[in-house]
Structures are given as C-alpha cells and as structure tokens.
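Quick caveat, the model's predicted, so the values are computed rather than measured. Labels below follow one simple rule: chain letters A, B, ... track the order of the sequence lines, proteins then strands, and each chain is numbered from 1.
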Number of protein chains: 2
Amino acid sequence: MAEPRGHRTQAQRREQTRTALLDATIDCLVELGYARTSMQEICARAGVSKGAAQHHFADKAELMAAAVEHLTTKRMAALAVSLDELPHGVDAIPAAVDMLWNGYSGTLATASTELWVAARTDPALRAAIRPVDRALGRMALERILGIVSELPPERTETLFWLTVNLMRGLALDAELGGAPARRKQLLEEWKRVAKQQAD
Amino acid sequence: MAEPRGHRTQAQRREQTRTALLDATIDCLVELGYARTSMQEICARAGVSKGAAQHHFADKAELMAAAVEHLTTKRMAALAVSLDELPHGVDAIPAAVDMLWNGYSGTLATASTELWVAARTDPALRAAIRPVDRALGRMALERILGIVSELPPERTETLFWLTVNLMRGLALDAELGGAPARRKQLLEEWKRVAKQQAD
C-alpha cells in the first residue's frame, strides 16, 4: 500500500537530508571550489541547520569523504548509460573516446578534480578517494573490454588508460579556459590515432 | 668593484625578501596545498614579518598572482635547459616526451596545478595564470618546431598539445598515487605512438 503523501518515515527523512547535504556539497565544489566550500555554505544551500547536519557528518572532512562516494555513484550511473549506447567492435573506439570525454569533463568530473587535488595533501581524503576512483575506472574498462572484444585485452587496456589520462588533461585545459577549438581538434585527432592503433 | 659582504643595497634586500616570500609560497603550495596555504604560514617559512611582507604583497591574492609568474619563470628556465639537450630530427620525439613529462610532473608543476585548480573559481588568479601559462606552452612549442623541422608544423603542433595534455593527466594520476608501473608503461607507449605518427 502506498504511503500517504508527506508522511515519510524517519529513515526516509534522514536519507533525504543526507542526500540534500551531499548534493549541496557537489554544487559548492563546482561553484566555489574546495578551498571556499564550508559546512556553513553547504548547510545554507541544503536548507539544513548546522545541528541537523552534524547528525550526519561531524565535520567538513567526513562530509567530503561521503561526497566522494556520492559523486562516484552518480558518475558510474551516467557512464553505465553511455556504455549501453556504444556500438560493438573497433567502431566503438571513437564513440568510447567521446563517452570518456563526457565522463571526465562534465560538472561531476569538475567536482571530482577539486576533491582529487585537495586529496594530494589530505591523507584521509585520499584514502576515501582511491578505492572509489579505482572502481570507476575498472567498471568502465571491464565494460569496454567486453565491447571491443576483437583486440587483445592488453591493447584495449593501454588505449583505455591513455584516453582517460588525456581526457583528464584536456578537462584541466577546459577548466582554465584553453581554446575550445584546439580541444576539439585534439579530441578528433586522438579518435583517429586510437582507431588506427586498434587496426 | 665588488661590494663588501653583508653590505646590500636596499633594492637588493627588497628583492631578496620578495624572492624568499615567493619561494615559501611554492613550498607551501606543494606541501600544504592551496586551501591550507596562508600568509601567516608563508611569512613564517620565509622568515619575514607580516608587516614586511605587506610592503610587497597586500594579501594572499596578490602573492598568489606573483607566485604564478615566479613559478613559470623557473619552469621556463628548466625547460629551456632540457630543450638544449634534445637531439635533432624525429629522433627528438621520444626525448621530447620525456622532457615534457619532467616539466609537467615535477614539484614546480604540482604547485602550478594547485594554482590552476584554484583559478577555476577565482577570476583574478585565472587572469594572472592564463598569459604566463600560454607563454610557457608557446615557448616550448616554438623550440620544438625548430628541432623537429622535417614534419609539417601543424603535425608537430598537434603532437605537442596531445603530449602536454596527456602529461597533465598523468601528473594528476601521480598526485593521487596511481600505480607508477602503469604510468611508465603509458609513457613508453605514447613515445612509440608519437614517433609512429611522425614517420
């Protein structure tokens, strides 16, 4: 039986508050950057009092560690949808490059980069990021290995990691306002080279 | 005539204080990251009082803008030395990839990434970074165009920017503690592909 509207259980309310705080954290990371993101700002955007927020996360560090997972879950879901749409065989390669570019250059990826750079000098945050980031990469790689099955897996894996790292570099270029036309040309060139390497 | 030791002019003392502050800024960016770098910490490391520091830089923003230039001057000098050592012709390509990797992955590059990511949400810092970063890239590209003169310049330019963006991505991977063996393998693979693209 459906619950009457507005009649949420305590567990549902808790979950909703938690999600609101995590979504607000991502918004803050994208708009303000890690350095200027504060518990106060996150609470204001989420419409949650500081006291209520502390029932979920003791401090900024705890909130950030949870945001890493929240963010990666969202990125995985988006990537899984795009992976479903890839053609099969080596024709998938240019499409996979476009897909990885979308995955590594969007708003969620920008929030990840903020956390990632902060994690370099923050061991607790780094410990939270490494396993989930690795799982994201592995998930995408496993799926692509299944799609581009004509190539020796080591070849596909090498092309995959070259692509991911190039996309990360291009995303940084985009963040600082490098010329979009040059990025587009480099993406096209890389699709051509990657396809050629697979032939 | 040589000046007696310890007898510095006021201009020399000013310059020395300024350099000490800028070097301390780079150290802080590398060790603490942008978010935790404060004027107080920089002054303590430089052995300069806050009052004296403010004769040079009114606030963190001014200091950071000057640090960008200081950092880029150092990176340019290091790159210019490595460029002098490159062989000529297409054989320069694998050596140039190694050189760009060193240039984009060292301590100074780490400090640049900190400033760069902070600049995404800080228009004044971005305005300070863009021209000097562009000048660094242009300088390296012009020199490499002179060294790899057999190729059409557009080919060399495309390979150069692909390399730079891949190195930026790999440097981020290194910062978060990605596996060094995989990075090494990807670098070797890229040297092979880049050389092949030039043949």
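Separation of atoms CG (A/L166) and CH2 (B/W190) is listed at 7.5 Å; rounding is to 0.5 Å. The CZ atom of B/R182 sits 7.5 Å away from atom CD of A/E157, with the distance rounded to the nearest 0.5 Å. Taken from CD in B/E154 to CD in A/Q185, the straight-line distance is 9.5 Å, to the nearest 0.5 Å. Atom-to-atom distance recorded for B/T110:OG1 and A/R120:CZ is 5.5 Å, nearest 0.5 angstrom. The CG atom of A/N165 lies 5.0 Å from the CG atom of B/D173; values are rounded to the nearest 0.5 Å.
Shown here is B/E150, whose CD atom has more than 12 heavy atoms of other residues, nucleotides or ligands within 6.0 Å. In the displayed structure, A/E189 atom CD is contacted under 6.0 Å by more than 12 heavy atoms of other residues, nucleotides or ligands. In the displayed structure, A/E142 atom CD is contacted under 6.0 Å by more than 12 heavy atoms of other residues, nucleotides or ligands. Around the CD atom of B/Q40, the shell of radius 6.0 Å holds no more than 12 heavy atoms that belong to other residues, nucleotides or ligands.
Within the 4.5 angstrom heavy-atom criterion, only side-chain atoms of B/R36, from C-beta onward, approach chain A. For A/L29, the part sitting under 4.5 Å from any heavy atom of chain B is the backbone (N, CA, C, O) and nothing else. With a 4.5 Å cut-off on non-hydrogen atoms, A/E175 touches chain B through its backbone and its side chain both.
Judged by distance alone, the side chain of B/R130 and the main-chain N or O of A/G177 form a donor-acceptor pair under 3.5 Å.
Most heavy-atom pairs under 4.5 Å with chain A, from the set B/T121, B/L32, B/V30: that is B/T121. In terms of heavy-atom pairs under 4.5 Å with chain A, the best-connected choice from B/I129, B/L162, B/T163, B/V193 is B/L162. Contact tally against chain B (heavy-atom pairs below 4.5 Å) for A/D122, A/D133, A/L170: the top residue is A/L170.
Of all the heavy atoms in B/L186 and A/W161, the pair that sits closest is CD1-CB, 3.7 Å.
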